[in-house]
There are 2 protein chains.
Amino acid sequence: MTKGERGSIVAEIVQEPLINKARKSRLRTAIAEDRVGTTQLESVPEPKYWHLKTVLSEALDSEFAVGEILPNERDLAARFGVARATLRQALEQLELEGRLQRRRGVGTTVAPPRMGVAVGSAQGSWPGAAGDAWQPADSELAPAPADVARALDVDPAEPVHVVRRTRVSHGQPVAAELLYVPAVSVPDLSAIDAPAGPARARAVLRELGRLDLEGQDRAVELGSARADDAKALDRLPGAPVLVVTTRFLADGRTAALSMATYRADTCRLTFGDQGAVEIHHGPEQRAS
Amino acid sequence: MTKGERGSIVAEIVQEPLINKARKSRLRTAIAEDRVGTTQLESVPEPKYWHLKTVLSEALDSEFAVGEILPNERDLAARFGVARATLRQALEQLELEGRLQRRRGVGTTVAPPRMGVAVGSAQGSWPGAAGDAWQPADSELAPAPADVARALDVDPAEPVHVVRRTRVSHGQPVAAELLYVPAVSVPDLSAIDAPAGPARARAVLRELGRLDLEGQDRAVELGSARADDAKALDRLPGAPVLVVTTRFLADGRTAALSMATYRADTCRLTFGDQGAVEIHHGPEQRAS
DNA sequence: GAGTGGTCTAGACCACGCT
DNA sequence: GCGTGGTCTAGACCACTCG
């Protein structure tokens, strides 16, 4: 089962019912093979959904093309002889790994490989610097959450500038950011009367850029999307996200703090001075 | 709420039944409040598990201490008047966010704040350099997976050194690594007859360190633990992990490639030259 | 053996996107 | 309106840990 020739050919016949029939039988074959493997379940009682995930994963590699629509969950569950909930457990894992994309009211499609998203060089620069990938959306003056206020070393009740930005890559929203800027970091910002919206956000960024950036540090962790982020990212609330926290240092203080949430299903965050690491799984044999 | 002294005190009263009784009533109160909030569900039909997660999250902040054991799932579900599956959906989210830790046969405990784990400075250094946090486990000569072979620009069938290492932080395994080193990167490695085990792994790392490191780049993405990684990380297969892929450049080639899987529930990956960002949620009011 | 979380089932209804 | 994925239920059994 060499790969290579799939893709272009398959893309044209995606919706072809006859082909779908063929694929369905392939899936049935796959699960049948799985069943015989399961007969010796006394030794390794692997969960069904884990088997399913493996089988589906291999089917995705060999039988499906990017963007193709899978059979619906009820059909798939019936085909594999499992409850829908079990099938869904497998699909959820595959979605978490970026192999599938599911949309309510639409269906489940094969996801393209994750896109590499550059998350700043080692040196770093102020947010809003020329050519950064972010698009200012709005800015308001509001108290920061307690943990952010602590990191900024401001009183939790003191309003700070909260700049909202979004990041689009390959025509798709990939990240939403909240940038917290204490008033002391932008002393000359008198244009608070700027019209709410991007202009106001840009004003804050412009003033912030006047400071000398002394350094920055960054942390990445797993989180789940808040309702507002989920909306901006076109995901459901609770969707897994990679939260990138960046602290900008100037004048010996934390001059600003950014909390950016990236879609974990579609993004691979890249760091480093040069090109990105190009590792993708694809249709291939697994190393034994 | 400075931390530091908590833990020891609380650890003693974790099992105190009287305290548990008190907490249970608090939980009941919480869900009761939640119910009245749900009455206006015509406007925003928020899922139950989302409500539950919020309520539990607040209860964790205000009523529970790190390490404390929660009531079991059946009790909790009954207490909140939901099916166990629904309760579990909320717990899963909280575990994903690093708030809870669940262990089969034991119970659900309140997790400590995520630990910051340094993932190398901008400059970078060879794996195995003095004082890196990794512990060599073993090394073998085996073909690399197809995608890794491609990145290393070696034939997929050609055996490469595969060094296994683990990383322990605060007495807990936090990461498992597979380091792929093509034979051409360690030409003088004749000690293949070294006894299998850490010694052999160290031999590969020592030879690798002879090269001039020209640079490296890094990517972070979400993954799910393979069976072997899960075992090393003391998690179930499929547990969410942060996969850090690092490419080491020397002699104009990719001299080695590391794929490190970090426990996503317990780790916050930190980058940058200086200290880590210190942002933690804790018992605190949420900004409105 | 008792108690825990993990898996699985066979249903039901709901929210959403399309046509 | 119809088909999709999302939520939820009320059970059951299994695998694991610990006393």
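Keep in mind that the numbers below use all heavy atoms, side chains included, and drop hydrogens, waters and symmetry copies. First the proteins, then the strands, lettered A, B, ... as listed; each starts at 1.
Taking a cutoff of 4.0 Å between a charged side-chain nitrogen and a carboxylate oxygen, B:Glu221 and A:Arg114 qualify as a salt bridge. The residues B:Arg99 and B:Asp265 are annotated as not salt-bridged, no charged nitrogen and carboxylate oxygen being separated by less than 4.0 angstrom.
At least one side-chain nitrogen or oxygen of A:Asn72 sits closer than 4.0 Å to the OP1 or OP2 atom of D:dT4. Contact check, B:Lys48 against D:dT9: a side-chain N or O comes under 4.0 Å of OP1 or OP2. Contact between the side-chain N/O atoms of B:Tyr49 and the OP1/OP2 oxygens of D:dC8 is not found at any separation under 4.0 Å. Side-chain N/O atoms of A:Arg88 include none lying less than 4.0 angstrom from OP1 or OP2 on D:dG5.
For B:Tyr49 and B:Arg88, the side-chain atoms include no donor-acceptor pair closer than 3.5 Å. When only modelled atom types and interatomic distance are considered, B:Thr166 and B:Gln135 share no side-chain donor-acceptor pair under 3.5 Å.
Within the 4.5 Å cutoff, the side chain of A:Leu233 has no heavy atoms near those of the A:Tyr262 side chain. A heavy-atom distance below 4.5 Å is not found between the side chains of A:Leu100 and A:Thr109.
For the pair A:Glu92 CD and D:dG6 P, the interatomic distance rounds to 8 Å; values are reported in whole Å. For the pair A:Glu73 CD and C:dC16 C1', the computed distance is 14 Å after rounding to whole Å. The distance between atom CG of B:Leu76 and atom C1' of C:dG3, rounded to the nearest whole Å, is 15 Å. In this entry the distance linking CG of A:Leu100 with P of D:dG6 reads 11 Å, nearest Å. Taking atom CD of residue B:Glu46 and atom P of nucleotide D:dC8, one finds them 10 Å apart after rounding to whole Å. Residue A:Arg235 contributes atom CZ, which lies 13 Å from atom P of D:dG5 at whole-angstrom precision. Between A:Trp50 atom CH2 and C:dC8 atom C1' the separation is 17 Å, expressed in whole Å. Residue B:Leu87 contributes atom CG, which lies 13 Å from atom C1' of D:dT9 at whole-angstrom precision.
The nearest heavy atom of DNA chain C to B:Arg84 and to A:Thr86 marks one nucleotide each, and the one closer to the 5' end goes with B:Arg84.
Comparing atom distances between the A:Pro47 side chain and each of D:dA12, C:dC8, D:dT9 picks out C:dC8 as nearest. If you check D:dT7, D:dG5, C:dT7 against the side chain of B:Gln89, the one that comes closest is D:dT7.
Contacts of residues 101-110 of chain B with DNA chain C (heavy atom under 4.0 Å): B:Arg102, B:Arg103, B:Arg104, B:Gly105, B:Val106, B:Gly107, B:Thr108.
For B:Arg74 and C:dG3, a side-chain-to-base donor-acceptor distance below 3.5 Å is absent, hydrogens and geometry of angles not being considered.
Scored by the side chain to side chain donor-acceptor pair (under 3.5 Å) test, A:Asp229 finds A:Arg226 as partners (sequence neighbours excluded).
Residue contacts for B:Leu91: at a heavy-atom cut-off of 4.0 Å it reaches no nucleic acid atom on any strand shown.
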